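Beneath this line is the structure, given in structure tokens, with notes to follow.
Numbering of residues begins at 1 and proceeds along the displayed sequence. For clarity, every value in this text was computed on a predicted model and none was experimentally measured.
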Amino acid sequence: MIFSTAKSNLLKVILSHRSNRFFSLPSFKKGEFRIPSHNSNKVCTPDDAVSLISANDTICVSGFVGQGSPDLLLKALADRYERECNEGVQEGGLKDLTVLFGGGPGDWDSRGLNYLAKIPSGNNINEQSTAAAKSMIKRAIGGHYGQVPLLGNLATSNQIEAWTLPMGSISRMIRAQATHSPGHITTVGLGTYVDPTPGIGVGGAANELALASPLHQELVTKISIGFGPTADAMKADYLMYKALPIQVAIIRATTADSSGNLSFERERIIAAAAANSGGVVLAQVKRICETGSLPSRAVGVPGAMVDCVCVVEESEHDVYHPMSYTKRSDPVLYGKIRSPVEDVPKMQLNERKIIARRASLALKPGKVINLGIGLPEGIASVAGEEGQLQYVTLTTEPGVFGGLPASGKEFGPSSNADALVEMNEMFDFYDGGGLDMCFLGAAQISPQGDVNVSRMSAEKLIGPGGFIDISQSTRNISFLCTFTAKGLDIDCDGAEGKIKILKEGKIKKFVNQVYERTFSGEEAVRRGQQVYYVTERAVFRRTASHDVIELIEIAPGVDLQKDILDQMEFEPIISPNLKQMDERIFRHEKMEIELFGSLKDRVTYHEGDHVIFIDLTGISLASEDEVRWLGRSLDLILHPITKERGPVDAIVNYDGFDCKSGLEEAYADAVEALSSRHYKSVKRYSFNAFRRAKLKTMAKVEALNAKSLFREWDEDNTGSLSPLQLREGVREYFGIRLKQAELDALCKDGVTLRNFTDILLEVMSKFE
């Protein structure tokens, strides 16, 4: 509690009578002791707010990478520490703080969480001072240290205990604390450096102090859990990330009222964790409004959770409360306006665009995708140039669905986003298998397909961010990197459709052993994932067929021995069907990717039920000629069927279909003509509903080539499907997400070709 002078004097008067156990009170009139009541006013100065922080507190700070840092409060905390150091404060001084963060906010220099890592250097600091030549921080637990180098330096110099953990798991550790759960249990991190199993990982410890800390034995633990009547036989390994009590939450919003209700704030889980730990919530805002004037739906963090509100002076908005460290404000990124799709910048033809182009060939309509930072960002540009962007949904870890993700130091928000959710909710979606594919960067790749992105040396600490959560939970993964780094120079004139390596980089990416295992190739095989490694001159994959990665594509103009094998520290498997990369990737002009194929390929007839499926995804009609083309083409396709068997039941997918304004009447006439000639009934769906309706009808033994499908899903050729292979195959092929209990029941006797058809029919019976 913050006491005013009057309150302090009152307290002294009361305490002065502590020796008088009994004393008589004079007579008072009725109502004389009524306590005055006023609306709560939680607005205070930054110095008063940070005075609530005590030694040994655990602090959780909001913000992501370069956005949303509560810098006014962080600087006030740093200033308090420096004053105490200069004054030689010992009792009650700041020391031994624990900082917990996900994508910890920072400017890659001195702001954000970097404020808390500064070592005071005042004239009065001496050897007797409690914090002489020390940081106020005792330990840091974070997802990404790249933008907070001062904090990272304290870790690498072994001055503080430090751990790097998956960002999604940190967000759920915080949520677990908000509900007083013991921790977050997940498979994310198994097989990586976060795995505490000796010989596999170090439990996320980043230095010797962390390894020696008593907390290390509790922070990440490996447990086995069994399910069902045969629990002992069905045990599976999990990691539990311990929930830590949070004494202080420091968050940022745009507007608050005097009661502490906060708007435009997406950090309520942090606030709830602190409030439910008996801690305090300190909020930094740009402006204050009258109590009760915020619409209830605009309140992200209710005032009941907030203890202090600190308002940034308008003259200091650009310093302590900008949108990000590189942009004061951008109405497109915070959703106030939308920008034209044509504004997506086009890339020059170089190694970055070549890699992005090859990776983008995997894009399919209706897919939900995550793009990592760095090279993967180029895929959005290529997809925009090729007209693919509007047919896929891009996501980012802070909780953004749709739109075009910002790049570089602006990473996090998106232009023209469709929806925003909290970070822990986004990672629920990711970890549950919500992504169809992801494209991530890679700094090192081992023979087994292990990938390192989290740390390259003992001198620099980075962390995994959301990489582990995403890479271990997505069925189809592509890792993107140049073949060598630091000095690589290629010639791609864009005319001949090939490249030439002019100069190799000094650093090889394909190495015998990665410095830190952020992704495990063996674990990916166990999970049944499809894993590809895409470079400017070659494409590899990791499967259960081989213990090392397999070279499957080579760029035109590249010498296999000189440009590929000699630039690797190990020898890969070379596919007997080694292919040449598509020449269109290396030309200046657009690739003209056939994202949707021909109209004839979009029409599927199921003879048994006399049902026709018409997929109009992505078709855009801009003239009456195009309307006539669509009507005439469908008439030609349908005529032979309806002539022989009569009108059909039609199911049409209209997801992404567009008809230019003014053509509605012409299109309605074309549909009416088709209906009168060929349709008995018509149902219209969006993408996923259309696919399910189609597969429900096709789910007959005679309509499924079970043998072919089984072989497609059995990627490691073992003759049986793992539960993960069955789950992902059913999701990919049928659009059905099986619950864990359903999956356990289907797999109780194993999944082989002998019972595969029966299992599929059981799955599809849910839609009968």
Side-chain angles (χ1 to χ4, degrees), residues 166 188 191-193 351-363 367 369-380 382 394 397 430 435-456 462-485 488 505 507-543 546 548-555 564 567-570 572-573 575 581 585 715:
V188 169
T192 73
Y193 78 94
E351 63 270 21
R352 299 177 69 88
K353 185 168 186 176
I354 289 170
I355 294 170
R357 276 183 159 183
R358 173 56 188 86
S360 70
L361 293 177
L363 296 178
K367 299 301 183 183
I369 298 164
N370 176 273
L371 301 180
I373 198 167
L375 280 175
E377 296 170 353
I379 295 174
V382 170
L394 303 180
E397 293 92 312
Y430 285 166
L435 287 173
D436 294 299
M437 55 183 63
C438 65
F439 301 88
L440 306 172
Q444 293 177 317
I445 299 168
S446 77
Q448 297 76 31
D450 299 340
V451 175
N452 173 29
V453 298
S454 50
R455 193 169 188 178
M456 296 299 294
I462 301 173
F467 182 97
I468 298 177
D469 305 88
I470 294 166
S471 64
Q472 288 199 324
S473 304
T474 307
R475 167 72 167 170
N476 191 305
I477 313 163
S478 292
F479 294 109
L480 280 55
C481 66
T482 55
F483 214 87
T484 60
L488 174 64
I507 298 176
K508 293 182 177 181
K509 295 294 190 76
F510 293 84
V511 296
N512 284 322
Q513 185 174 354
V514 297
Y515 186 87
E516 189 166 82
R517 188 189 298 122
T518 329
F519 173 84
S520 167
E522 288 294 332
E523 181 68 17
V525 169
R526 186 188 72 81
R527 292 171 181 258
Q529 294 172 289
Q530 297 176 359
V531 186
Y532 299 91
Y533 309 84
V534 180
T535 75
E536 80 285 353
R537 68 186 81 170
V539 180
F540 301 83
R541 69 179 177 185
R542 174 65 208 273
T543 68
H546 307 287
V548 299
I549 61 175
E550 178 185 14
L551 175 65
I552 59 174
E553 291 183 28
I554 184 172
I564 295 180
Q567 306 307 320
M568 304 175 70
E569 292 185 0
F570 60 89
I573 298 295
S575 172
M581 294 170 69
I585 296 170
E715 295 176 347

**Prompt:** Residues two or more places apart in sequence or in another chain: which of them pass salt bridge (Lys or Arg N to Asp or Glu O under 4.0 Å) with R542?
**Reply:** E522
**Message:** Between V514 and F519, is there a side-chain heavy-atom distance shorter than 4.5 Å?
**Reply:** no
**Request:** Quick one: pull up OG in S360 and CD1 in I585 and give me the separation to the nearest 0.5 Å.
**Result:** 7.5 Å
**Message:** Evaluate I468 against Y193 for side chain to side chain contact (heavy atoms under 4.5 Å, CB included), listing each step before the verdict.
**Reply:** CA-CA 10 Å; I468 298 177; Y193 78 94; 4.0 Å; yes
**Message:** Tell me every residue that passes salt bridge (Lys or Arg N to Asp or Glu O under 4.0 Å) with R455, counting only those two or more places apart in sequence or in another chain.
**Reply:** none
**Prompt:** How far apart are the C-alpha atoms of K509 and T535, what are their side-chain angles, what is the distance that settles it, and do they pass the side chain to side chain contact (heavy atoms under 4.5 Å, CB included) test?
**Reply:** CA-CA 10 Å; K509 295 294 190 76; T535 75; over 6 Å; no
**Prompt:** Does the pair I564 and F510 meet the rule for a side chain to side chain contact (heavy atoms under 4.5 Å, CB included), with working shown?
**Reply:** CA-CA 10 Å; I564 295 180; F510 293 84; over 6 Å; no
**Q444: side-chain hydrogen bond (donor to acceptor under 3.5 Å, both in side chains) partners, not counting sequence neighbours** = N452
**Asked** When you look at L363 and I379, which way does the side chain to side chain contact (heavy atoms under 4.5 Å, CB included) test go after all the steps?
**Response** CA-CA 10 Å; L363 296 178; I379 295 174; 4.2 Å; yes
**Contacts of I373 that satisfy side chain to side chain contact (heavy atoms under 4.5 Å, CB included) - sequence neighbours left out** = E377, F411
**Complete:** Sorted by chain and residue number, the side chain to side chain contact (heavy atoms under 4.5 Å, CB included) partners of I573 (sequence neighbours excluded) come out as H546, V548, E550
**Complete:** For D450, the salt bridge (Lys or Arg N to Asp or Glu O under 4.0 Å) test, sequence neighbours excluded, returns R517
**side chain to side chain contact (heavy atoms under 4.5 Å, CB included) against A442, all qualifying residues, sequence neighbours excluded** = I445, V451, F479, C481
**Asked** Y533: what forms a side-chain hydrogen bond (donor to acceptor under 3.5 Å, both in side chains) with it, not counting sequence neighbours?
**Response** none
**Request:** Could you pull out all residues at least two apart from K353 that satisfy salt bridge (Lys or Arg N to Asp or Glu O under 4.0 Å)?
**Result:** E385
**Asked** Are side-chain heavy atoms of R537 and I354 found at a separation under 4.5 Å?
**Response** no
**Complete:** Applying side chain to side chain contact (heavy atoms under 4.5 Å, CB included) to Q513 and not counting sequence neighbours gives none
**Item:** Which residues share a side-chain hydrogen bond (donor to acceptor under 3.5 Å, both in side chains) with T543, sequence neighbours left out
**Value:** none
**Item:** I477 to Q529 - nearest heavy-atom pair and separation
**Value:** CD1-NE2, 3.3 Å
**Asked** Under 3.5 Å, is there a donor-acceptor pair between the E351 and T482 side chains?
**Response** no
**Item:** Pairing residues for Q448 by the side-chain hydrogen bond (donor to acceptor under 3.5 Å, both in side chains) criterion, not counting sequence neighbours
**Value:** S446
**Request:** Determine, step by step, whether S454 and E516 satisfy the side chain to side chain donor-acceptor pair (under 3.5 Å) criterion, reporting the C-alpha distance in whole Å, the side-chain angles of both residues, the deciding distance to 0.1 Å, and the verdict.
**Result:** CA-CA 7 Å; S454 50; E516 189 166 82; 2.6 Å; yes
